[in-house]
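Indexing begins at 1, ligand by ligand and atom by atom, following the structure's order. Positions are given from 1 along the sequence.
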Amino acid sequence: MSDSPRLPDARLAELIDGLVEQGWYVGPSFLPAPLCEALHTELDDMTAREALVAAGIGRGDNHHLRRDVRGDAIRWLDRESLAQRRYLEAMGDLQQALNQALFLGLFEYEAHFARYPPGAFYRRHLDSFQGRANRVVSTVGYLTPDWPADGGGEMVIYAPADGRELARVRPEAGTFVCFLSDRIPHEVLPTHHPRASIAGWFRRNASLGGLVDPAR
Ligand code: OGA
Ligand code: MN
């Protein structure tokens with residue numbers, strides 16, 4: 001892994017244009033290949049050590065498992081490895097670029113590794129709900145090299161207005177997706193191949209009824 005996780009300005013500008021013009025962006029070869037390799041190896045190790053947990057839906061007391069909704073296994077990033085710190089540094093650069101260009105007031109980033117075993121999917125959903133939008137911008141970075149043509153597992157992006165399919169993204173290592181969390185419906189089609197990614201969210205601190213943003 002090189003010691004420069006910096007995202008090129010031209011790619012950041014392209015991402016910001018995508019968010020402004022359509023509310024979403026898909027960037028092939030966006031993340032540095034050596035960083036994706038290191039993160040992929042780390043996720044493989046976690047899988048072998050059984051360090052992942054079944055993902056649920058909802059937060060806090062509302063958190064529950066729904067295998068009919070999503071079938072991935074996750075682990076939150078904790079900055080324990082160099083690769084994680086590099087990834088989070090790159091997301092810090094992105095946060096700064098988003099705040100400068102769009103005045104979003106993003107103040108925090110949370111992210112988890114996700115592994116979808118063959119057969120797993122994540123039904124169509126939004127990442128946050130209007131009016132309670134503590135998650136403002138969603139990110140997904142893909143880590144699986146040489147994604148097979150018949151591997152399935154595409155991420156589908158839908159139009160907020162009429163539900164039309166707008167894009168289908170192959171989860172190939174290096175591809176990075178970014179979208180507005182409360183606007184863009186999306187789903188993960190059933191995968192036929194183990195699928196590795198990092199899903200993350202830039203947050204604003206939403207104060208709800210005098211309570212600060214509840215913990216995940
Ligand atoms: C999510 C999600 C998409 C993907 O974790 O909320 O929508 O392509 N992930 O992994
Ligand atoms: Mn999502």
Side-chain angles (χ1 to χ4, degrees), residues 15 18-19 22-31 36 39-40 42-44 46-47 52-60 62-77 87-88 91 94 108-130 132-145 147-148 151-160 163 165-203 216:
L15 181 156
L19 278 189
Q22 48 192 17
W24 56 276
Y25 168 77
V26 177
S29 304
F30 192 89
L31 300 168
C36 291
L39 291 165
H40 188 250
E42 192 173 335
L43 181 50
D44 271 351
M46 289 171 178
T47 306
L52 304 176
V53 296
I57 58 174
R59 283 185 166 248
N62 224 350
H63 186 89
H64 47 282
L65 286 185
R66 284 287 302 270
R67 307 308 280 181
D68 55 330
V69 175
R70 68 185 291 190
D72 55 329
I74 66 164
R75 186 177 175 97
W76 292 92
L77 271 67
Y87 190 81
L88 293 170
M91 294 303 111
L94 175 56
E108 196 181 57
Y109 183 73
E110 60 180 1
H112 63 58
F113 287 98
R115 183 177 183 277
Y116 289 69
F121 51 80
Y122 193 163
R123 294 277 182 239
R124 178 176 167 147
H125 64 280
L126 286 173
D127 285 348
S128 74
F129 295 95
Q130 248 153 20
R132 317 192 37 167
N134 47 43
R135 287 176 165 180
V136 180
V137 175
S138 302
T139 66
V140 191
Y142 297 104
L143 305 179
T144 312
W147 189 261
E154 294 94 343
M155 199 259 235
V156 186
I157 294 174
Y158 296 99
E165 180 176 324
L166 296 178
R168 209 169 258 234
V169 184
R170 275 165 43 93
E172 172 69 32
T175 297
F176 185 75
V177 177
C178 195
F179 54 91
L180 300 178
S181 304
D182 67 353
R183 295 245 328 137
I184 304 295
H186 56 283
E187 87 172 289
V188 178
L189 298 178
T191 190
H192 311 308
H193 189 70
R195 179 190 194 271
S197 62
I198 295 179
W201 298 271
F202 292 106
R203 296 156 58 95
R216 63 184 176 235

Legend entry - Side chain, backbone, both or neither: D72 near ligand 1, heavy atoms under 4.0 Å: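 No part of D72 is near ligand 1 at this cut-off.
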
Inset, instruction - With heavy atoms under 4.0 Å as the rule, classify the contact between E187 and ligand 1 as side chain, backbone, both or neither. - result: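 Answer for E187: neither.
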
Legend entry - Lys/Arg-Asp/Glu bridge criterion (N-O < 4.0 Å) met for E154, R170: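 No, this pair does not count.
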
Inset, instruction - Indicate yes or no: does an N/O atom of Y142 lie under 3.5 Å from an N/O atom of ligand 1? - result: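 Between Y142 and ligand 1 (N or O atoms, distance only) the closest approach is under 3.5 Å.
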
Inset, instruction - Give yes or no for whether the N/O distance cutoff of 3.5 Å, strictly under, is met between W201 and ligand 1. - result: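 Checking ligand 1 against W201, no N or O pair falls under 3.5 Å apart.
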
Inset, instruction - Rounded to the nearest 0.5 Å, what's the gap from OG on S181 to CG on N134? Could you check? - result: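 Separation between the atoms: 9.0 Å.
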
Inset, instruction - Establish, for the pair R195 and Y116, whether the NZ or CZ atom is under 6.0 angstrom from the six-membered ring centre and no further than 45 degrees off its axis. - result: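 Yes, cation above the ring, under 6.0 Å and within 45°.
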
Legend entry - Ring-face cation of R123 near F121 (centre distance under 6.0 Å, axis angle within 45°):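 R123 over F121 ring: yes.
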
Legend entry - Side-chain touch M155/Y122, heavy atoms, less than 4.5 angstrom: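 Side chain of M155 against side chain of Y122, heavy atoms only: no contact under 4.5 Å found.
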
Legend entry - Flag side-chain contact, heavy atom, 4.5 Å: Y87 against L39: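 Answer yes - side chains close enough.
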
Inset, instruction - Using only N, O or S atoms, tell me which atom of H186 is closest to the Mn ion (ligand 2). - result: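 Of all N, O or S atoms in H186, the Mn ion (ligand 2) lies closest to NE2.
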
Legend entry - Name of the D127 atom (N/O/S only) found closest to the Mn ion (ligand 2):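 When I compare the N, O and S atoms of D127, OD1 is nearest to the Mn ion (ligand 2).
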
Legend entry - Parallel, tilted or perpendicular, as decided by the 30° and 60° cut-offs, for the rings of F30 and F176: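 Parallel.
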
Legend entry - Ring geometry between F202 and Y109 (parallel below 30°, tilted from 30 to 60°, perpendicular above 60°):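 It falls in the tilted class, 30° to 60°.
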
Legend entry - Top protein contact for atom 1 (C) of ligand 1, by heavy-atom distance: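 Looking at atom 1 (C) of ligand 1, the protein heavy atom closest to it is Y122 CE1, 3.6 Å.
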
Could you list which atoms of ligand 1 come closer than 4.0 Å to a heavy atom of [X]?
| X | result |
| --- | --- |
| M155 | 8 (O) |
| V188 | 3 (C), 4 (C), 8 (O), 10 (O) |
| A199 | 5 (O) |

Inset, instruction - Return yes when R195 approaches ligand 1 closer than 4.0 angstrom through a heavy atom, no otherwise. - result: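 Contact present.
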
